[in-house]
Protein chains: 2
Amino acid sequence: MKRIKIIIEYDGSRYHGFQAQQNAHTIQEEIEQSIYKLTRDKVSIMAAGRTDAGVHALGQVATFDTDSSIPGSKWQFALNSFLPDDIQVLKSEQVSPHFNPRFDAISKLYRYVIYRQKSGHVFYRNYSLYDDESLDIDAMKRACNVLQGTHNFSSFCASGSSVKTFERTITFCRLFEQGPCLIMEIEANGFLYNMVRIIMGTLREVGRGKYPPQYLEDIIAAQNRSLAGPTIPPQGLYLVRVDYPQSSRDGS
Amino acid sequence: MKRIKIIIEYDGSRYHGFQAQQNAHTIQEEIEQSIYKLTRDKVSIMAAGRTDAGVHALGQVATFDTDSSIPGSKWQFALNSFLPDDIQVLKSEQVSPHFNPRFDAISKLYRYVIYRQKSGHVFYRNYSLYDDESLDIDAMKRACNVLQGTHNFSSFCASGSSVKTFERTITFCRLFEQGPCLIMEIEANGFLYNMVRIIMGTLREVGRGKYPPQYLEDIIAAQNRSLAGPTIPPQGLYLVRVDYPQSSRDGS
């Protein structure tokens with residue numbers, strides 16, 4: 001039995017999220033079906049992050065175990081020949097059978113895209129949030145700085161979550177403009193449920209002048225979801241990259 | 001009775017082209033339905049160019065006649081409130097009742113996009129042709145130059161076309177790289193059926209080294225469709241802009 005690690009990009013528009021579920025079209029299901037078509041084995045894949053409906057990925061990581069003789073690096077091409085054209089494997093390799101894509105991850109990078117121009121947004125409607133109102137970008141950048149570091153982020157976690165601890169370390173949170181888009185990139189050692197979308201929703205409220213950047217310190221300190229901004233829609237969100245310690249990259 | 005001119009952008013992915021037809025979902029039908037919802041009048045709109053299934057527009061132009069009291073400039077917002085989110089009116093105005101969006105056009109600008117990078121193409125699959133092979137861009141640029149000017153373009157016209165003359169003037173045809181994309185822009189006083197897609201298909205053959213740039217002179221001279229390259233797929237094609245003489249812009 002070998003463990004195969006794949007790096008996947010997908011357009012989440014047509015899917016009810018990553019994770020397999022009854023009576024819903026999911027990315028996990030598409031990948032497992034492609035593996036089945038190749039090997040006739042019903043495997044379960046495990047992913048680094050379970051993205052929600054409409055959320056995209058540029059570098060999702062998943063693993064599965066197989067007895068197939070297909071070499072690790074060839075799974076990329078084998079799977080792509082069966083996958084629909086909105087899911088693509090960018091890389092495949094054999095890894096240690098102890099490698100766990102979710103628990104071994106040391107950091108993840110997410111991106112959120114707001115499209116700020118009237119013309120052209122028909123092409124970005126599934127890939128960004130459209131918002132052409134005036135926003136105080138400098139204030140939003142200062143708010144990003146407040147978020148960086150190790151904090152209890154329970155104010156930025158959707159209710160109903162059953163995690164053990166709300167403490168996370170945001171390595172960086174930055175905001176920049178690129179053409180007609182306003183982009184936030186945020187890297188942390190882990191994210192709570194809906195954390196990126198609530199952070200972006202809160203940053204937008206800062207941009208609108210609803211509260212000053214420093215108020216994010218109070219929101220963090222309150223540990224109360226109701227103080228933060230709304231959960232912003234999913235279609236602007238991308239899982240960009242998942243990082244692992246050097247050692248876990250070794251195959252075996 | 002007033003004539004209203006609208007400039008429209010649309011993502012053509014979901015549609016069987018612009019022109020209304022039985023048992024097919026078209027952009028014309030969506031716009032006419034939106035006008036009907038606003039006015040309860042069944043109008044026929046006329047467009048500058050009838051784009052094919054899968055082809056997009058950044059600046060399609062269309063007109064319709066109405067007795068409605070909605071001011072010309074307000075039609076933009078009125079229609080957008082009923083249109084699906086992949087069709088958007090960018091501008092509306094009242095024009096002369098003699099203005100004809102198709103026959104008054106003095107030039108049209110089209111763009112064709114080839115996506116040349118493996119990663120990211122899941123997001124461009126409906127908006128470009130994916131082709132990551134090596135292409136001789138300089139040779140393709142020289143071929144663009146050969147196409148410029150006034151020629152009989154019957155070698156670049158799909159069969160079955162019933163036009164009176166195959167002579168057209170290409171004002172410019174240029175090729176440039178932008179990020180992961182190779183883009184052709186072509187402006188002419190008119191285009192034959194599938195002309196842009198056949199030109200791009202022919203330029204790609206030049207890029208592959210199948211024939212030298214100067215061979216396009218022979219293709220033009222032969223007036224024989226079978227000598228030019230294949231009709232390249234529709235999803236990379238955009239109607240960018242339609243231009244009119246200054247005088248026809250006056251409302252009345």
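Numbers restart at 1 for each chain; the letters A, B, ... are given by sequence-line order, proteins then strands.
Shortest non-hydrogen contact noted between A:V55 and A:L237 is CG1-O, 3.5 Å. Minimum interatomic distance between A:A47 and A:F18 (heavy atoms only, all atoms of both residues): CB-CE2, 3.4 Å. Heavy atoms only, all atoms of each residue included: A:I8 and A:A62 are closest at CD1-CB, 3.9 Å. Shown here for B:C144 and B:C173, the closest heavy-atom pair between the two residues is CB-O, 3.2 Å. Shown here for B:A105 and B:P101, the closest heavy-atom pair between the two residues is CB-O, 3.7 Å. Between B:A158 and B:I198, the shortest heavy-atom distance links the atoms N-CD1, 3.7 Å.
Between chain A and the options B:G59, B:P84, B:G120, heavy-atom pairs under 4.5 Å are most frequent for B:G120. By number of non-hydrogen pairs under 4.5 angstrom with chain A, the leading residue of B:L58, B:I87, B:V122, B:L90 is B:V122.
Here ring-ring contact (aromatic ring centres under 6.0 Å, His included) pairs that include residues 76-96 of chain B, with residues two or more places apart or in two chains, number zero.
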Distance-only donor-acceptor screen, chain B against chain A, under 3.5 angstrom:
residue	atom	partner	partner atom	Å
B:E9	OE1	A:G120	N	2.7
B:E9	OE2	A:G120	N	2.9
B:D11	OD2	A:R125	NH1	2.8
B:D85	OD1	A:R125	NE	3.3
B:Q88	OE1	A:H121	NE2	3.2
B:Q88	NE2	A:K118	O	3.3
B:K118	O	A:Q88	NE2	3.3
B:G120	N	A:E9	OE1	2.7
B:G120	N	A:E9	OE2	2.9
B:H121	NE2	A:Q88	OE1	3.2
B:R125	NE	A:D85	OD1	3.2
B:R125	NH1	A:D11	OD2	2.8

